[in-house]
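Comments concern the structure below.
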Amino acid sequence: LASSSQIRMSNIRTSTVGSFISLRGTVTKARPKRLRVLDVGFVCAKCGLDQITQFMDGKYCSPTRCDDMKCRSKKFVMNRKVANFSDVQELKIQEVREEFCEDLENGGGGVSHGSEHRDAGRAPRHIEVEVTGDLVATCHAGDSVVVAGIVKAVNSALASGRAGKRAAETSTYKLYVVGHSIVNLTAEDGSRCGGGQGSGKHGMVSGNDRGRNKRFRTSSSNMQYTDQQLQQIANLAHADHRMYSLPTRMAFPFDLLVRSLCPSIIGNDLVKAGIILCLLGGTPPEVSGLEEQSGMTIRSNSHMLVVGDPGMGKSQMLLSANQVAARSVYVGGNTASATGLTVSLTKEPGGDMGIEAGALVLADRGVCCLDEFDKMPKNHQDGLLEAMEQQQVSIAKAGVVASLPSRCSVIAAANPKSGHYDLGKTVSENINMAGPLLSRFDLIFILRDEVNNDRDRMISGSIMGRLGRGDPRGGRYCDGGNGDAGLAQAMETSGSQKQAMLQCRLPWVTEFQKQPLPLQQVKDYIAYAREHCRPKMTTAAKNVLRDYFMDLRHPGGNEDRKDKVPITTRQLEALIRLSQARAKACLRPVVLREDAEDVVELMIESNKQVYTDERGNIDKSRGGAGGKSKKNRAFLEAMRNSNNSSFGFQDLQVIADRVNLPVSGFKEFVEGLRNQGEILRDSSGNYTVAA
C-alpha cells in the first residue's frame, strides 16, 4: 500500500474489523516461532472413513458426525500423519513518534506545546500482529516496519490462554492484525516480504532466514521525499553567504543547522554543534565478509556528554535533538534500568522466552537521549559499555543467547553530584562515573553558570522578549557595540584567513539568520544527509587530524610523557567520525580541510574544559583515558623521596601539608589511592608505596 493509505494506530477501532489496512510501527517484542495446524485427518471409529477437517484461525474443532450417511457415528480418532502445519509468530508493534506531530498538524495546533499535552499521561499504543509462513522471522525487536493486513477481533480470555466454557462466555474482545505483507524499513535492502498464507507439511522453514545476518550492515532508510522537500534540501546544501568585503566563508549549511537547533537557548553554540554532528553520524566502514560475521567493525556513531550546573538548558537541547532526529528515544536516567535500556526476557504462556527491546535497541540507526545521567545507578550504567562501543546488546539468560543491534548515538546530560561543577575534581569525580564509560564519549562539554554581564543581559532579554513583542534575542552578544560590522571585524582578526573559527562564526550566523529554519526542514535535511551521504577522507583532512593527534600524544619539549597522554587511538577514531559528519552537513562526498579544522576546534574546546583545574591550568591527565592527576603524582613522589618505607596516617598528613594538598577529604583521597593500587596498607595500619 502507498504511504498515503496508511492509518494511524489510534484509528484502529471496532469499525475497522475485517478491513485491510496498512500501519507503521516499531517492533518491541518478537515472540518465538510456533507451529499451527491448518488441517488434520479424522478416522471414524465405526466405519473407518477418513475425512479432513480444517482449523479456522487456529481453533481446534473435531467433526460432529461421520460423513457417511449410513454410519453417522460421533466417535473419531485423529490421524496426525496427514496433518498440515504452518509457521506462526506474534509481533508486538508500537506506534511511531511522528504520529503525534501529524495529528497536531492536521488539527492546526502548535507542535511544541501540543505534543507535550498529547504525550503526557499515557503510554504509547501497542497492537499485536500475527504473521505466518514466509513472514516469520523477517523482523526482530527494534526494527521499524510497515505492516499490511486484516484487522480481526478475538476473545480476550481465549487470547490469554484460558479455556473452558467460562472463558468463551467472556464479552471482552481485543483487536489484532493478521499480517499479509511486511516491509522492514531497518533492513539495508528494504526487504519486502509477502505471501504470509503459505504452508507446508509438518512445518515450513522461512526462506528469509538466510538473510538475517545482513542486518548488521549499513543502514538504508526507505524515506520518501517530495520535490519540494528535495528542493529545500538542495537550497540549504548550497548556502554560502558573504558579507561586506570579508573573504572568509561565513555561513555554511552546518552553521545554519546549529543556529536552528533549540533557538530558545541562548549561546552554547559549540554544544549545539556537537549535537548536530552526533545526529549526522560518520560514514559506516566497508568491511569484508569475515569481519562482518565476527562483528569486528569500527562504529560510525558519535557519543556526547554534557555536564553542567542546573538551569543551563541541557534538557532543552536534548529534547530538541529528540525532535530533530528521524528516529530517536528519550529516556530519563532516574527512571531507567539496565533491562529498560538494553533488552529484557519475558516468559510466554507456552513456556518459551521472548525478547523485548529496550531503549538502545529501539533507537537503532538513530539517537538515544539520556537525561539525568548522573541519577542512574552504576550497575545500570554498565549496560551501556557494550552498546556504546560494539554497537550491539548481548544477552545470556534462561538459556537464551542472542545479540541485538544498537547502532545509535548516545547524547547524555548530567548534573554534578554536589550541585555545582567543582573544578578541583575531574569529570568522573563530579558525576560519579567510571572511567571506561567516560572514555567512550567522543565529546564532553562542561557548562558552568558563571557571572557574565553581556551574556546575562542577553539571556534576560531573550526571556522577557518571549512575554512581549520585544527583540527575542535581547540584544547582541560579542558585537563590540558596532553591530554586524563589529562581528565582521572580529571574524577577520580571528584565526585563519581561509576560514573563520567556529566561536566567531556561529554568533554571526545567529545575527544574520534572524529566524531559525523550520523544524521539519532541519529534520528532512539531517535524515537525507545521514542516509545518502558517504564522505571519504582526503589527504589534507588526514594531515590536520594526524598533526593534532601527534601534538597531544607527543607535546614538544616534554620528555616525561608517561602520565601526560590526554587521548588514545579511540579519540583519533572519534575525530574521523566527527569530520565525516561535518562533511555530511554540507552533503559533500569528501572531507575537506575546513571540516577537519572545525572538528579540531571542537575537540580543543572540549579538552580544554575537561582538563582545566581549579587554578585555570591545563592538567592533561584529568580525562577518562587514563593517567594520574598532578596532586597524586606529587604526593606519591614525596612518599618515595622520604627516608621512611612505612607511614602512619599522621605521617601521610605531614606529607600532604608539605605538597600543599587540601586537608578536606584527605581520608577519601588516601582510600582512592588504595583502590587504584598506588599505596598498600598492612595489618598494623601503616601505608607503603606500591612497587
Side-chain angles (χ1 to χ4, degrees), residues 307 333 337-338 373-386 389 396 414-441 558-568 570 610-615 617 619-691:
V307 183
S337 62
F373 195 57
D374 56 298
K375 309 298 190 303
M376 187 181 302
K378 272 193 172 182
N379 56 342
H380 295 170
Q381 293 180 2
D382 295 340
L384 299 173
L385 293 174
E386 181 187 12
E389 189 62 31
N415 293 321
K417 60 181 180 181
S418 60
H420 295 278
Y421 191 84
D422 187 3
L423 290 177
K425 301 179 180 179
T426 62
V427 178
S428 178
E429 295 171 346
N430 270 281
I431 60 178
N432 195 20
M433 182 185 297
L437 181 60
L438 187 64
S439 64
R440 280 164 167 76
F441 288 99
N558 187 2
E559 298 180 358
D560 185 15
R561 302 167 184 166
K562 182 177 179 180
D563 294 327
K564 293 187 177 181
V565 181
I567 62 175
T568 61
R570 178 175 289 175
V610 171
Y611 302 135
T612 302
D613 57 11
E614 66 275 11
R615 298 181 179 86
N617 301 324
D619 184 2
K620 295 183 178 181
S621 60
R622 291 165 56 93
K628 299 185 289 290
S629 62
K630 289 183 178 180
K631 61 181 182 180
N632 292 19
R633 293 197 304 271
F635 184 78
L636 294 174
E637 190 66 23
M639 292 181 63
R640 294 189 183 96
N641 295 334
S642 179
N643 297 328
N644 300 330
S645 59
S646 179
F647 305 87
F649 190 78
Q650 294 182 352
D651 299 334
L652 296 181
Q653 289 180 335
V654 173
I655 296 177
D657 295 336
R658 190 188 311 165
V659 297
N660 298 325
L661 195 67
V663 180
S664 60
F666 179 71
K667 186 177 181 180
E668 290 78 7
F669 171 75
V670 174
E671 292 298 325
L673 292 179
R674 284 190 59 204
N675 296 333
Q676 297 174 8
E678 300 292 345
I679 60 176
L680 304 176
R681 188 176 67 178
D682 55 18
S683 58
S684 61
N686 295 328
Y687 297 87
T688 57
V689 182

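- A search for side-chain hydrogen bond (donor to acceptor under 3.5 Å, both in side chains) contacts involving S337 returns T339, not counting sequence neighbours.
- Partners of R681 by side-chain hydrogen bond (donor to acceptor under 3.5 Å, both in side chains), not counting sequence neighbours: none found.
- Evaluation of the side-chain hydrogen bond (donor to acceptor under 3.5 Å, both in side chains) rule for S684 yields D682, N686 as partners, not counting sequence neighbours.
- Listed by chain and residue number, nothing satisfies the salt bridge (charged side-chain N to carboxylate O under 4.0 Å, His left out) test with K417 (two or more places apart in sequence, or in another chain).
- Contact between A638 and V659 at its shortest, heavy atoms only, is CB-CG1, 3.9 Å.
- Under the salt bridge (charged side-chain N to carboxylate O under 4.0 Å, His left out) criterion, E671 pairs with R674, not counting sequence neighbours.
- The backbone N or O of P436 lies less than 3.5 Å from a partner atom in the side chain of S439, making a donor-acceptor pair.
- Note that CG of N415 and NE2 of H420 are 10.5 Å apart. Values are rounded to the nearest 0.5 Å.
- Contact between F647 and S642 at its shortest, heavy atoms only, is CE2-OG, 3.6 Å.
- To the nearest 0.5 Å, the span separating CG on N644 from CE on M639 amounts to 10.0 Å.
- In terms of heavy atoms, A690 sits closest to L680 at CB-CG, 4.4 Å.
- Every side-chain contact (heavy atoms from CB on, under 4.5 Å) that N641 has, sequence neighbours left out, goes to E637.
- Residues meeting the salt bridge (charged side-chain N to carboxylate O under 4.0 Å, His left out) test with R658, sequence neighbours left out: none.
- At a threshold of 4.5 Å between non-hydrogen side-chain atoms, the residues L673 and F635 count as touching.
- Qualifying side-chain hydrogen bond (donor to acceptor under 3.5 Å, both in side chains) partners for E386, counting only residues two or more places apart in sequence or in other chains: S394.
- Panel note: side chain D374, backbone I431; no donor-acceptor pair is recorded below 3.5 Å.
- Classified by interplanar angle (parallel below 30°, tilted 30° to 60°, perpendicular above 60°), the ring pair F373/F441 is perpendicular.
- Looking at heavy atoms from C-beta onward, R440 lies in side-chain contact with L385 at the 4.5 angstrom threshold.
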